[in-house]
Amino acid sequence: MKLTNQQIDTINEILVLNGLVYDDIKLELVDHIASEIELAMDDKEVLFEEALKTAFSNWRGQLQPSTSIWLGSKNSAPRIVIDKWESIHRKENRSIFKYSFISFIVFFGIIKLSNDASLTENLTGFLSLLYLSLWVSIVALRGILGRNKNDTIFSSIFKKRSRMPLVGLILIALSWIPNKTLGINSILEISSLYCIFLLLSFTVSTLKLAYKHFQFEKKVSKALICN
């Protein structure tokens, strides 16, 4: 038995009351719970209210309030949100360290093998410009998402990650790259250079979160058009 729009709204309202505010996770959970209710109403011939109660009982553990280091000890969210949040952070952090290390090795190798000062200056200038462009994109996207009606877990993590002081990072990029890469003889200089690639990878990862948010919006828009 297909649920009515009013019954779907009831499921949605209960999820919101349980602290589930992210549209992407909420939509996914509404689909799961609605399917369970429809199956129970067809197979067991029970009323919507009874099937609704049973379905939410099955998801009680995932909706229990929980905390995480990523949210802060004073903030809580349903268990399903915490699990998703931690999964995204683990995945993104692995990518950050992986790609920053690979990029650093390639850049370091080119500089050491070329012994060409002009090439080094061009490469470091490109990195500075790239870094600045990425953070300008971050600022622009913060403004767009600030006016956005939809709130997803991706947009929420994006906003938290983009709070890093932009001016300080830009100054580090613009000063460390040109001054430190020409020699790259000491451990401190090598570490400073790697920090730049770490920041670049972090910025790209942050932008990717915004992209995933807009992917969700596009998916919802297509679904509304089809309906």
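Arg94 and His89 share no side-chain donor-acceptor pair at under 3.5 Å. Side chains of Asn148 and Glu217: a donor on one and an acceptor on the other come within 3.5 Å.
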(request) With side chain to side chain contact (heavy atoms under 4.5 Å, CB included) as the test, would you mind laying out the steps for Arg161 and Ser205 before giving the verdict? (result) CA-CA 9 Å; Arg161 284 194 173 216; Ser205 172; 3.4 Å; yes
(message) Between Asn18 and Ile14, does the side chain to side chain contact (heavy atoms under 4.5 Å, CB included) criterion hold? Intermediate values first, please.
(response) CA-CA 6 Å; Asn18 277 273; Ile14 296 175; 3.6 Å; yes
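A pairwise comparison of heavy atoms in Lys159 and Leu145 identifies NZ-O, 3.8 Å as the closest pair. Nearest approach of Ile88 to Ile157, heavy atoms of both residues: CG2-CD1, 3.8 Å. Of all non-hydrogen atoms in Met41 and Val46, the two that sit nearest each other are CG-O, 3.5 Å. For the residue pair Ser162 and Arg142, the shortest heavy atom distance occurs at OG-NH1, 2.9 Å.
Atoms CG and NZ, on Leu15 and Lys26 in that order, are 8.0 Å from each other to the nearest 0.5 Å. Note: Leu27 CG to Asp23 CG = 8.5 Å, rounded to the nearest 0.5 Å. Atom CD1 in Ile96 sits 10.0 Å away from atom CG in Leu199 (nearest 0.5 Å). Atom CG of Leu198 and atom OG1 of Thr203 lie 9.5 Å apart (nearest 0.5 Å). A distance of 4.5 Å separates CD1 in Ile37 from CG in Leu52, rounded to the nearest 0.5 Å. Residue Lys98 holds its NZ atom at 11.5 Å from OG of Ser201, rounded to the nearest 0.5 Å.
Here the side chain of Ser87 pairs no donor or acceptor atom with the backbone of Asp83 at under 3.5 angstrom. The backbone N or O of Trp59 sits nowhere less than 3.5 Å from a side-chain atom of Gln62 that would complete a donor-acceptor pair. Here the side chain of Glu38 pairs a donor or acceptor atom with the backbone of Leu3 at under 3.5 angstrom. The backbone N or O of Tyr99 lies less than 3.5 Å from a partner atom in the side chain of Ser103, making a donor-acceptor pair.
Between Tyr194 and Phe104, the angle of the ring planes goes over 60°, which puts this pair in the perpendicular group of the 30/60° scheme.
Ile80 is listed as a side-chain neighbour of Leu20, based on a closest heavy-atom distance under 4.5 Å. Contact annotation: the side chain of Tyr22 never approaches that of Lys84 to less than 4.5 Å [non-hydrogen atoms, C-beta and beyond]. In this structure, the side chains of Ile11 and Phe56 come closer than 4.5 Å at one or more pairs of heavy atoms. Trp85 has its side chain within reach of Lys160: a pair of non-hydrogen atoms, C-beta onward, lies under 4.5 Å apart. Counting heavy atoms from C-beta on, the side chains of Leu141 and Tyr211 never come closer than 4.5 Å. Arg79 places a side-chain heavy atom less than 4.5 Å from the side chain of Ile82. The shortest side-chain heavy-atom distance between Ser155 and Asn150 does not fall under the 4.5 Å cut-off. Side-chain contact between Phe158 and Ile138: present, with at least one pair of heavy atoms (C-beta onward) separated by less than 4.5 Å.
Between Glu92 and Lys208, at least one side-chain N (NZ, or NE/NH1/NH2) sits under 4.0 Å from a carboxylate O, which counts as a salt bridge.
A search for side chain to side chain contact (heavy atoms under 4.5 Å, CB included) contacts involving Ser57 returns Arg60, not counting sequence neighbours.
No chain of hydrophobic side-chain contacts below 4.5 Å, direct or via other Ile, Leu, Val, Met, Phe, Trp or Tyr residues, connects Leu63 to Val16.
Enclosure of atom CG in Asn5 is not indicated, since only 12 or fewer non-hydrogen atoms of other residues, nucleotides or ligands lie within 6.0 angstrom.
Ring centroids of Phe216 and Phe154 are separated by 6.0 Å or more, keeping the two rings apart.
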